[in-house]
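What you are looking at is a predicted structure, and each value in this text was computed from that prediction instead of being measured.
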Amino acid sequence: MYTILLFDDHQIVRDGLRALLEASGEFQVVGEAETGGQAVAAAARTRPHLVVMDLSLPGMDGIEATVELLRESPQSKVVILSMYDDEASVVQAMRSGARGFVIKKASRADLLAALRTVARGGTYLSPEVSDKFLECVRKGDFRRRNSPVLSALTPRELQVMRLIAEGKTSKEIAAVLDLSLETVRGYRKALMRKLSVNNVAGLTQIAIAEGLARPAGRGVGV
Amino acid sequence: MMAPASRRGASEAEGLRRLRVAERRRLSRLLHDEAGPALCAAGLAAEMLRGTIPEPTREQQELLGRLERALDAAVETVRLLSQEASPDLAARRGVAGALETLARAFGAGLRIEGAPPDLPAEGAAALCELVRDALLAAGGGEAEITLSAGCARMRAAGLADAGVLAALEAAARAAGLRFLSQASPEAVIIEIHPGGTR
(Lines give C-alpha, C1' and ligand atoms only; values in the text may rest on other atoms or scores of the structure.)
Protein backbone atom coordinates (compact mmCIF):
# COMPACT_ATOMS: atom_id res chain seq x y z
CA MET A 1 0.00 0.00 0.00
CA TYR A 2 1.44 3.38 -1.05
CA THR A 3 0.94 6.41 1.17
CA ILE A 4 -0.21 9.67 -0.43
CA LEU A 5 -0.37 13.34 0.50
CA LEU A 6 -3.04 15.37 -1.33
CA PHE A 7 -2.28 19.00 -2.03
CA ASP A 8 -5.05 21.02 -3.67
CA ASP A 9 -6.77 24.20 -2.53
CA HIS A 10 -10.23 22.87 -3.43
CA GLN A 11 -11.81 20.78 -0.69
CA ILE A 12 -14.24 19.31 -3.22
CA VAL A 13 -11.35 18.00 -5.33
CA ARG A 14 -9.46 16.61 -2.33
CA ASP A 15 -12.60 14.81 -1.16
CA GLY A 16 -13.09 13.27 -4.60
CA LEU A 17 -9.46 12.22 -4.87
CA ARG A 18 -9.41 10.75 -1.38
CA ALA A 19 -12.52 8.70 -2.06
CA LEU A 20 -11.30 7.31 -5.35
CA LEU A 21 -7.76 6.57 -4.14
CA GLU A 22 -8.94 4.77 -1.02
CA ALA A 23 -11.54 2.86 -3.01
CA SER A 24 -8.78 1.56 -5.28
CA GLY A 25 -7.29 -0.36 -2.34
CA GLU A 26 -3.76 0.48 -3.52
CA PHE A 27 -3.28 3.85 -1.86
CA GLN A 28 -3.69 5.29 1.62
CA VAL A 29 -4.15 9.04 2.02
CA VAL A 30 -2.02 10.12 4.99
CA GLY A 31 -2.55 13.86 4.77
CA GLU A 32 -4.13 16.78 3.00
CA ALA A 33 -2.92 20.32 2.48
CA GLU A 34 -4.28 23.42 0.86
CA THR A 35 -1.27 25.73 1.01
CA GLY A 36 2.37 25.24 0.09
CA GLY A 37 3.50 25.69 3.67
CA GLN A 38 1.06 23.07 4.93
CA ALA A 39 2.15 20.63 2.21
CA VAL A 40 5.85 20.98 2.97
CA ALA A 41 5.21 20.53 6.71
CA ALA A 42 2.89 17.56 6.14
CA ALA A 43 5.41 15.88 3.83
CA ALA A 44 8.21 16.34 6.36
CA ARG A 45 5.98 14.79 9.04
CA THR A 46 4.39 11.91 7.11
CA ARG A 47 7.12 11.11 4.51
CA PRO A 48 4.58 9.90 1.95
CA HIS A 49 5.52 7.70 -0.99
CA LEU A 50 3.57 10.00 -3.30
CA VAL A 51 2.33 13.57 -3.35
CA VAL A 52 -0.52 14.63 -5.64
CA MET A 53 -0.02 18.34 -6.17
CA ASP A 54 -2.11 20.97 -7.94
CA LEU A 55 -0.04 23.31 -10.08
CA SER A 56 -2.03 26.46 -9.46
CA LEU A 57 -2.20 27.38 -5.81
CA PRO A 58 -2.43 30.49 -3.70
CA GLY A 59 0.85 31.83 -2.35
CA MET A 60 3.55 29.26 -3.07
CA ASP A 61 2.72 27.68 -6.44
CA GLY A 62 3.00 23.98 -7.27
CA ILE A 63 6.44 24.37 -8.82
CA GLU A 64 7.94 26.12 -5.79
CA ALA A 65 6.12 23.76 -3.44
CA THR A 66 7.57 20.74 -5.29
CA VAL A 67 11.11 22.06 -4.89
CA GLU A 68 10.59 22.81 -1.19
CA LEU A 69 8.79 19.58 -0.50
CA LEU A 70 11.45 17.42 -2.14
CA ARG A 71 14.07 19.19 -0.06
CA GLU A 72 12.19 18.19 3.11
CA SER A 73 11.12 14.74 1.95
CA PRO A 74 13.47 13.64 -0.87
CA GLN A 75 12.14 10.10 -1.05
CA SER A 76 8.61 11.32 -1.92
CA LYS A 77 7.55 11.34 -5.56
CA VAL A 78 5.46 14.23 -6.80
CA VAL A 79 2.71 13.90 -9.38
CA ILE A 80 1.37 17.21 -10.65
CA LEU A 81 -2.36 17.39 -11.33
CA SER A 82 -3.20 20.39 -13.46
CA MET A 83 -5.82 22.16 -15.53
CA TYR A 84 -2.93 23.51 -17.62
CA ASP A 85 -1.77 21.52 -20.60
CA ASP A 86 0.75 23.90 -22.14
CA GLU A 87 4.37 23.05 -22.83
CA ALA A 88 5.83 25.56 -20.37
CA SER A 89 3.86 24.20 -17.40
CA VAL A 90 4.93 20.62 -18.13
CA VAL A 91 8.58 21.56 -18.59
CA GLN A 92 8.65 23.63 -15.40
CA ALA A 93 6.95 20.88 -13.42
CA MET A 94 9.37 18.19 -14.58
CA ARG A 95 12.34 20.49 -14.04
CA SER A 96 11.22 21.15 -10.46
CA GLY A 97 11.54 17.43 -9.75
CA ALA A 98 8.00 16.14 -10.35
CA ARG A 99 7.81 12.58 -11.68
CA GLY A 100 4.40 12.81 -13.26
CA PHE A 101 2.14 15.35 -14.92
CA VAL A 102 -1.56 14.54 -15.18
CA ILE A 103 -4.20 16.70 -16.82
CA LYS A 104 -7.23 17.26 -14.61
CA LYS A 105 -10.17 15.45 -16.10
CA ALA A 106 -13.52 14.20 -14.98
CA SER A 107 -12.27 10.59 -15.09
CA ARG A 108 -9.79 8.84 -12.89
CA ALA A 109 -8.09 6.29 -15.13
CA ASP A 110 -5.22 8.61 -16.09
CA LEU A 111 -4.48 9.58 -12.49
CA LEU A 112 -4.44 6.01 -11.22
CA ALA A 113 -2.15 4.97 -14.09
CA ALA A 114 0.18 7.86 -13.26
CA LEU A 115 0.31 7.05 -9.55
CA ARG A 116 0.99 3.36 -10.19
CA THR A 117 3.76 4.17 -12.68
CA VAL A 118 5.43 6.79 -10.50
CA ALA A 119 5.14 4.69 -7.33
CA ARG A 120 7.06 1.92 -9.10
CA GLY A 121 9.85 4.33 -10.00
CA GLY A 122 8.69 5.44 -13.44
CA THR A 123 7.70 8.75 -14.97
CA TYR A 124 4.26 9.54 -16.36
CA LEU A 125 2.88 12.27 -18.62
CA SER A 126 -0.76 12.42 -19.67
CA PRO A 127 -1.08 11.49 -23.35
CA GLU A 128 -2.41 15.01 -24.06
CA VAL A 129 0.85 16.64 -22.96
CA SER A 130 3.50 14.05 -23.82
CA ASP A 131 3.63 15.02 -27.52
CA LYS A 132 3.96 18.70 -26.66
CA PHE A 133 6.72 17.92 -24.17
CA LEU A 134 8.66 15.83 -26.67
CA GLU A 135 8.27 18.54 -29.29
CA CYS A 136 9.77 21.06 -26.85
CA VAL A 137 12.68 18.76 -26.13
CA ARG A 138 13.17 18.11 -29.85
CA LYS A 139 13.20 21.81 -30.70
CA GLY A 140 15.00 22.81 -27.50
CA ASP A 141 12.89 25.95 -27.39
CA PHE A 142 11.26 25.72 -24.00
CA ARG A 143 11.65 28.70 -21.76
CA ARG A 144 14.20 28.55 -19.01
CA ARG A 145 13.31 29.67 -15.56
CA ASN A 146 16.85 30.97 -15.10
CA SER A 147 16.39 33.19 -18.13
CA PRO A 148 18.90 35.95 -18.94
CA VAL A 149 16.11 38.48 -18.52
CA LEU A 150 15.46 37.47 -14.91
CA SER A 151 19.05 36.68 -13.99
CA ALA A 152 19.62 40.22 -12.72
CA LEU A 153 16.90 39.83 -10.10
CA THR A 154 17.40 38.70 -6.53
CA PRO A 155 15.32 35.79 -5.15
CA ARG A 156 13.18 38.27 -3.18
CA GLU A 157 12.63 40.38 -6.29
CA LEU A 158 11.53 37.26 -8.16
CA GLN A 159 9.03 36.48 -5.38
CA VAL A 160 7.64 40.01 -5.51
CA MET A 161 7.45 39.91 -9.29
CA ARG A 162 5.49 36.67 -9.26
CA LEU A 163 3.03 38.08 -6.74
CA ILE A 164 2.63 41.24 -8.82
CA ALA A 165 1.94 39.04 -11.84
CA GLU A 166 -0.75 37.29 -9.80
CA GLY A 167 -2.51 40.63 -9.55
CA LYS A 168 -1.73 41.25 -5.88
CA THR A 169 -1.53 44.79 -4.54
CA SER A 170 1.52 46.10 -2.69
CA LYS A 171 -0.41 45.78 0.55
CA GLU A 172 -1.27 42.14 -0.16
CA ILE A 173 2.32 41.37 -1.14
CA ALA A 174 3.55 42.98 2.08
CA ALA A 175 1.21 40.70 4.04
CA VAL A 176 2.20 37.53 2.16
CA LEU A 177 5.95 38.15 2.47
CA ASP A 178 5.81 39.78 5.89
CA LEU A 179 7.43 43.00 4.65
CA SER A 180 6.57 46.65 5.13
CA LEU A 181 4.56 48.42 2.47
CA GLU A 182 7.46 50.76 1.78
CA THR A 183 9.82 47.82 1.23
CA VAL A 184 7.43 46.27 -1.28
CA ARG A 185 7.14 49.60 -3.10
CA GLY A 186 10.93 49.72 -3.21
CA TYR A 187 11.01 46.25 -4.80
CA ARG A 188 8.44 47.32 -7.39
CA LYS A 189 10.53 50.32 -8.37
CA ALA A 190 13.69 48.21 -8.55
CA LEU A 191 11.95 45.63 -10.75
CA MET A 192 10.68 48.25 -13.16
CA ARG A 193 14.08 49.86 -13.34
CA LYS A 194 15.96 46.60 -13.88
CA LEU A 195 13.51 45.32 -16.49
CA SER A 196 13.02 48.69 -18.20
CA VAL A 197 9.23 48.71 -17.91
CA ASN A 198 7.02 51.39 -16.46
CA ASN A 199 3.85 49.55 -15.48
CA VAL A 200 2.47 46.37 -13.94
CA ALA A 201 1.25 45.08 -17.31
CA GLY A 202 4.84 45.12 -18.55
CA LEU A 203 6.08 43.20 -15.51
CA THR A 204 3.26 40.69 -15.89
CA GLN A 205 4.06 40.08 -19.55
CA ILE A 206 7.70 39.43 -18.73
CA ALA A 207 6.82 37.17 -15.78
CA ILE A 208 4.66 34.99 -18.00
CA ALA A 209 6.96 35.01 -21.01
CA GLU A 210 9.88 33.95 -18.82
CA GLY A 211 7.90 31.22 -17.11
CA LEU A 212 7.87 32.88 -13.70
CA ALA A 213 4.09 33.05 -13.59
CA ARG A 214 1.27 31.34 -15.37
CA PRO A 215 -1.68 33.12 -16.89
CA ALA A 216 -5.12 32.88 -15.41
CA GLY A 217 -4.50 30.48 -12.55
CA ARG A 218 -5.44 31.10 -8.96
CA GLY A 219 -2.45 32.41 -7.12
CA VAL A 220 -0.17 32.21 -10.09
CA GLY A 221 -2.44 33.61 -12.71
CA VAL A 222 -2.23 37.09 -13.97
CA MET B 1 1.60 66.83 -31.83
CA MET B 2 -1.76 65.24 -30.92
CA ALA B 3 -4.73 67.59 -30.37
CA PRO B 4 -6.33 67.54 -26.89
CA ALA B 5 -9.50 65.88 -28.22
CA SER B 6 -7.48 63.17 -29.95
CA ARG B 7 -5.41 62.67 -26.81
CA ARG B 8 -8.60 62.30 -24.77
CA GLY B 9 -9.98 59.84 -27.33
CA ALA B 10 -6.78 57.79 -27.26
CA SER B 11 -6.77 57.77 -23.48
CA GLU B 12 -10.41 56.63 -23.34
CA ALA B 13 -9.71 53.88 -25.87
CA GLU B 14 -6.73 52.72 -23.82
CA GLY B 15 -8.85 52.76 -20.67
CA LEU B 16 -11.53 50.62 -22.34
CA ARG B 17 -8.89 48.23 -23.64
CA ARG B 18 -7.50 47.81 -20.12
CA LEU B 19 -10.98 47.09 -18.76
CA ARG B 20 -11.55 44.53 -21.45
CA VAL B 21 -8.26 42.80 -20.64
CA ALA B 22 -9.10 42.80 -16.91
CA GLU B 23 -12.53 41.28 -17.60
CA ARG B 24 -11.08 38.54 -19.77
CA ARG B 25 -8.44 37.76 -17.14
CA ARG B 26 -11.17 37.49 -14.50
CA LEU B 27 -13.25 35.20 -16.69
CA SER B 28 -10.28 33.04 -17.56
CA ARG B 29 -9.36 32.73 -13.90
CA LEU B 30 -12.89 31.83 -12.82
CA LEU B 31 -13.11 29.14 -15.47
CA HIS B 32 -9.73 27.76 -14.53
CA ASP B 33 -9.96 27.99 -10.76
CA GLU B 34 -13.63 27.36 -10.09
CA ALA B 35 -15.58 25.80 -12.95
CA GLY B 36 -12.84 23.36 -13.99
CA PRO B 37 -12.12 21.85 -10.56
CA ALA B 38 -15.85 21.66 -9.75
CA LEU B 39 -16.51 19.68 -12.93
CA CYS B 40 -13.53 17.41 -12.24
CA ALA B 41 -14.85 16.74 -8.75
CA ALA B 42 -18.30 15.97 -10.17
CA GLY B 43 -16.70 13.50 -12.57
CA LEU B 44 -14.84 11.76 -9.76
CA ALA B 45 -18.10 11.57 -7.79
CA ALA B 46 -19.86 10.01 -10.79
CA GLU B 47 -17.16 7.33 -10.97
CA MET B 48 -17.50 6.70 -7.25
CA LEU B 49 -21.25 6.42 -7.69
CA ARG B 50 -20.68 3.69 -10.26
CA GLY B 51 -18.69 1.80 -7.64
CA THR B 52 -21.56 1.91 -5.16
CA ILE B 53 -23.94 0.04 -7.45
CA PRO B 54 -22.95 -3.63 -7.17
CA GLU B 55 -24.80 -4.89 -10.20
CA PRO B 56 -25.87 -1.95 -12.33
CA THR B 57 -28.58 -2.50 -14.86
CA ARG B 58 -27.84 -1.81 -18.47
CA GLU B 59 -29.81 1.42 -18.24
CA GLN B 60 -27.86 2.56 -15.15
CA GLN B 61 -24.56 1.79 -16.86
CA GLU B 62 -25.62 3.72 -19.90
CA LEU B 63 -26.73 6.73 -17.84
CA LEU B 64 -23.51 6.81 -15.82
CA GLY B 65 -21.45 6.49 -18.98
CA ARG B 66 -23.33 9.39 -20.53
CA LEU B 67 -22.82 11.49 -17.40
CA GLU B 68 -19.08 10.78 -17.34
CA ARG B 69 -18.66 11.57 -21.03
CA ALA B 70 -20.60 14.81 -20.65
CA LEU B 71 -18.46 15.88 -17.69
CA ASP B 72 -15.25 15.02 -19.53
CA ALA B 73 -16.39 17.09 -22.50
CA ALA B 74 -17.34 19.97 -20.20
CA VAL B 75 -13.90 19.94 -18.53
CA GLU B 76 -12.22 20.07 -21.94
CA THR B 77 -14.41 22.98 -22.99
CA VAL B 78 -13.66 24.88 -19.79
CA ARG B 79 -9.93 24.27 -20.26
CA LEU B 80 -10.03 25.57 -23.82
CA LEU B 81 -12.19 28.60 -22.94
CA SER B 82 -9.95 29.47 -20.00
CA GLN B 83 -6.90 29.48 -22.28
CA GLU B 84 -8.59 31.27 -25.16
CA ALA B 85 -9.99 34.02 -22.95
CA SER B 86 -6.65 34.73 -21.31
CA PRO B 87 -5.04 37.95 -22.56
CA ASP B 88 -1.68 36.33 -21.80
CA LEU B 89 -2.11 33.44 -24.21
CA ALA B 90 0.70 34.51 -26.57
CA ALA B 91 3.13 35.11 -23.72
CA ARG B 92 2.42 31.63 -22.49
CA ARG B 93 2.28 29.59 -25.67
CA GLY B 94 4.11 31.66 -28.26
CA VAL B 95 2.46 32.84 -31.49
CA ALA B 96 2.04 29.40 -33.10
CA GLY B 97 0.69 27.80 -29.91
CA ALA B 98 -1.64 30.72 -29.25
CA LEU B 99 -3.07 30.61 -32.78
CA GLU B 100 -3.51 26.87 -32.46
CA THR B 101 -5.57 27.42 -29.28
CA LEU B 102 -7.62 30.18 -30.94
CA ALA B 103 -8.26 28.06 -34.03
CA ARG B 104 -9.52 25.19 -31.87
CA ALA B 105 -11.69 27.48 -29.75
CA PHE B 106 -13.31 29.16 -32.76
CA GLY B 107 -13.43 26.11 -34.99
CA ALA B 108 -11.16 27.74 -37.57
CA GLY B 109 -8.60 26.08 -39.81
CA LEU B 110 -4.89 26.69 -39.16
CA ARG B 111 -1.91 26.16 -41.44
CA ILE B 112 1.60 26.85 -40.18
CA GLU B 113 4.14 27.44 -42.94
CA GLY B 114 7.53 27.55 -41.25
CA ALA B 115 8.56 29.67 -38.30
CA PRO B 116 6.20 32.43 -37.09
CA PRO B 117 7.07 36.11 -37.64
CA ASP B 118 9.97 37.31 -35.52
CA LEU B 119 8.23 39.68 -33.10
CA PRO B 120 8.98 41.00 -29.61
CA ALA B 121 6.63 39.78 -26.85
CA GLU B 122 4.37 42.84 -27.12
CA GLY B 123 4.06 42.49 -30.89
CA ALA B 124 3.36 38.77 -30.65
CA ALA B 125 0.63 39.41 -28.08
CA ALA B 126 -0.90 42.14 -30.27
CA LEU B 127 -0.88 39.91 -33.33
CA CYS B 128 -2.71 37.15 -31.49
CA GLU B 129 -5.21 39.65 -30.07
CA LEU B 130 -5.91 40.94 -33.58
CA VAL B 131 -6.50 37.41 -34.87
CA ARG B 132 -8.79 36.72 -31.91
CA ASP B 133 -10.76 39.90 -32.53
CA ALA B 134 -11.04 39.05 -36.20
CA LEU B 135 -12.30 35.56 -35.35
CA LEU B 136 -14.87 37.08 -32.99
CA ALA B 137 -15.97 39.54 -35.65
CA ALA B 138 -16.26 36.78 -38.24
CA GLY B 139 -18.87 35.13 -36.02
CA GLY B 140 -19.92 31.73 -37.25
CA GLY B 141 -18.36 32.27 -40.66
CA GLU B 142 -15.70 29.80 -41.73
CA ALA B 143 -12.19 31.09 -41.14
CA GLU B 144 -8.79 29.86 -42.25
CA ILE B 145 -5.61 31.13 -40.60
CA THR B 146 -2.17 30.81 -42.18
CA LEU B 147 0.94 31.61 -40.20
CA SER B 148 4.27 32.12 -41.93
CA ALA B 149 7.55 33.88 -41.22
CA GLY B 150 6.28 36.95 -43.06
CA CYS B 151 2.83 37.42 -41.58
CA ALA B 152 -0.37 35.97 -40.16
CA ARG B 153 -3.11 35.77 -42.77
CA MET B 154 -6.77 35.06 -42.13
CA ARG B 155 -9.48 34.38 -44.65
CA ALA B 156 -12.99 34.61 -43.24
CA ALA B 157 -16.42 34.55 -44.81
CA GLY B 158 -18.06 36.64 -42.11
CA LEU B 159 -15.53 39.45 -41.82
CA ALA B 160 -17.02 42.17 -44.00
CA ASP B 161 -17.79 44.90 -41.46
CA ALA B 162 -15.92 48.05 -42.49
CA GLY B 163 -16.04 49.42 -38.93
CA VAL B 164 -14.48 46.28 -37.54
CA LEU B 165 -11.76 46.29 -40.20
CA ALA B 166 -10.96 49.93 -39.43
CA ALA B 167 -10.77 49.14 -35.70
CA LEU B 168 -8.45 46.20 -36.39
CA GLU B 169 -6.25 48.40 -38.53
CA ALA B 170 -6.08 51.09 -35.83
CA ALA B 171 -5.21 48.48 -33.18
CA ALA B 172 -2.50 47.03 -35.43
CA ARG B 173 -1.05 50.49 -36.04
CA ALA B 174 -1.04 51.22 -32.31
CA ALA B 175 0.89 48.00 -31.73
CA GLY B 176 3.43 48.77 -34.44
CA LEU B 177 2.07 46.14 -36.86
CA ARG B 178 1.03 46.54 -40.48
CA PHE B 179 -2.54 45.55 -41.37
CA LEU B 180 -3.86 44.88 -44.85
CA SER B 181 -7.34 43.81 -45.87
CA GLN B 182 -8.75 42.71 -49.16
CA ALA B 183 -12.37 41.87 -49.91
CA SER B 184 -13.59 39.36 -52.45
CA PRO B 185 -17.18 38.23 -53.10
CA GLU B 186 -16.70 35.11 -50.96
CA ALA B 187 -14.53 36.33 -48.12
CA VAL B 188 -12.30 38.99 -46.64
CA ILE B 189 -8.58 38.34 -46.35
CA ILE B 190 -6.61 40.18 -43.69
CA GLU B 191 -2.86 40.16 -43.24
CA ILE B 192 -0.88 41.23 -40.18
CA HIS B 193 2.78 41.96 -40.79
CA PRO B 194 5.57 42.94 -38.41
CA GLY B 195 7.01 46.37 -38.91
CA GLY B 196 4.18 48.86 -39.21
CA THR B 197 4.28 52.50 -38.24
CA ARG B 198 2.95 53.58 -34.87
Side-chain angles (χ1 to χ4, degrees), chain A residues 8-24 54 56-58 81-89 103-109 111 128 132 135 141-143 149 165-167 197 199 201-202 204-211 213-222, chain B residues 18 21-22 24-52 67-76 78-94 96-98 100-101 115 120-122 124-125:
Chain A
D8 194 300
D9 59 330
H10 291 90
Q11 177 78 48
I12 189 172
V13 174
R14 292 201 307 274
D15 288 348
L17 289 173
R18 176 184 275 275
L20 93 82
L21 292 172
E22 292 186 343
S24 75
D54 191 4
S56 170
L57 295 155
L81 186 59
S82 172
M83 280 294 286
Y84 295 110
D85 64 352
D86 61 281
E87 303 87 326
S89 293
I103 296 297
K104 271 187 185 172
K105 288 190 216 167
S107 54
R108 64 179 176 171
L111 177 62
E128 293 87 345
K132 290 177 181 173
E135 183 69 4
D141 65 352
F142 40 78
R143 297 174 185 87
V149 178
E166 289 174 15
V197 295
N199 56 33
T204 302
Q205 284 262 335
I206 294 173
I208 293 167
E210 297 301 321
R214 276 176 293 283
R218 175 201 301 279
V220 291
V222 286
Chain B
R18 280 207 301 269
V21 165
R24 276 174 48 199
R25 193 165 279 144
R26 189 184 76 90
L27 183 65
S28 175
R29 187 172 295 176
L30 280 174
L31 286 166
H32 179 278
D33 289 345
E34 305 301 335
L39 286 167
C40 288
L44 296 175
E47 287 206 37
M48 294 305 297
L49 181 63
R50 187 190 282 278
T52 64
L67 178 62
E68 286 162 356
R69 284 193 298 279
L71 286 167
D72 257 334
V75 170
E76 280 312 307
V78 163
R79 195 191 324 276
L80 184 59
L81 280 176
S82 163
Q83 291 175 349
E84 175 268 308
S86 169
D88 308 307
L89 178 61
R92 190 67 196 155
R93 295 215 56 201
E100 189 238 335
T101 301
E122 250 180 49

Item checked: Approximate separation, where rounding is to 0.5 Å, of B:Cys40 SG and A:Leu81 CG -> 7.5 Å
Next item on the list: Check whether any side-chain heavy atom of A:Leu20 sits under 4.5 Å from a side-chain heavy atom of B:Met48, and report yes or no.
Entry: yes
Check: Can you tell if the side chain of B:Arg79 reaches within under 4.5 Å of the side chain of A:Asp85, non-hydrogen atoms only?
Finding: yes
Notebook entry, point to check: Given that the side chain runs from C-beta out, which part of A:Ser82 has a heavy atom under 4.5 Å from chain B: side chain, backbone, both or neither?
Noted result: backbone
Next item on the list: May I ask you to test the A:Tyr84-B:His32 pair for a side-chain heavy-atom distance under 4.5 Å?
Entry: yes
Item checked: From CG (B:Leu44) to CG (A:Asp15), nearest 0.5 Å -> 10.5 Å
Item checked: Side-chain donor/acceptor of A:His10 to backbone N/O of B:Ala41, under 3.5 Å -> no
Margin query: With a 4.5 angstrom heavy-atom cut-off, is it the side chain or the backbone of A:Leu111 that approaches chain B, or both, or neither?
Written below: neither
Notebook entry, point to check: Looking at OG1 of A:Thr204 and CZ of B:Arg25, how far apart are the two atoms once the value is rounded to the nearest 0.5 Å?
Noted result: 6.0 Å
Notebook entry, point to check: Just wondering, do B:Val78 and A:Met83 contact through their side chains at under 4.5 Å, heavy atoms?
Noted result: yes
Margin query: At a 4.5 Å cut-off on heavy atoms, which part of B:Ala125 comes close to chain A: side chain, backbone, both, or neither?
Written below: side chain
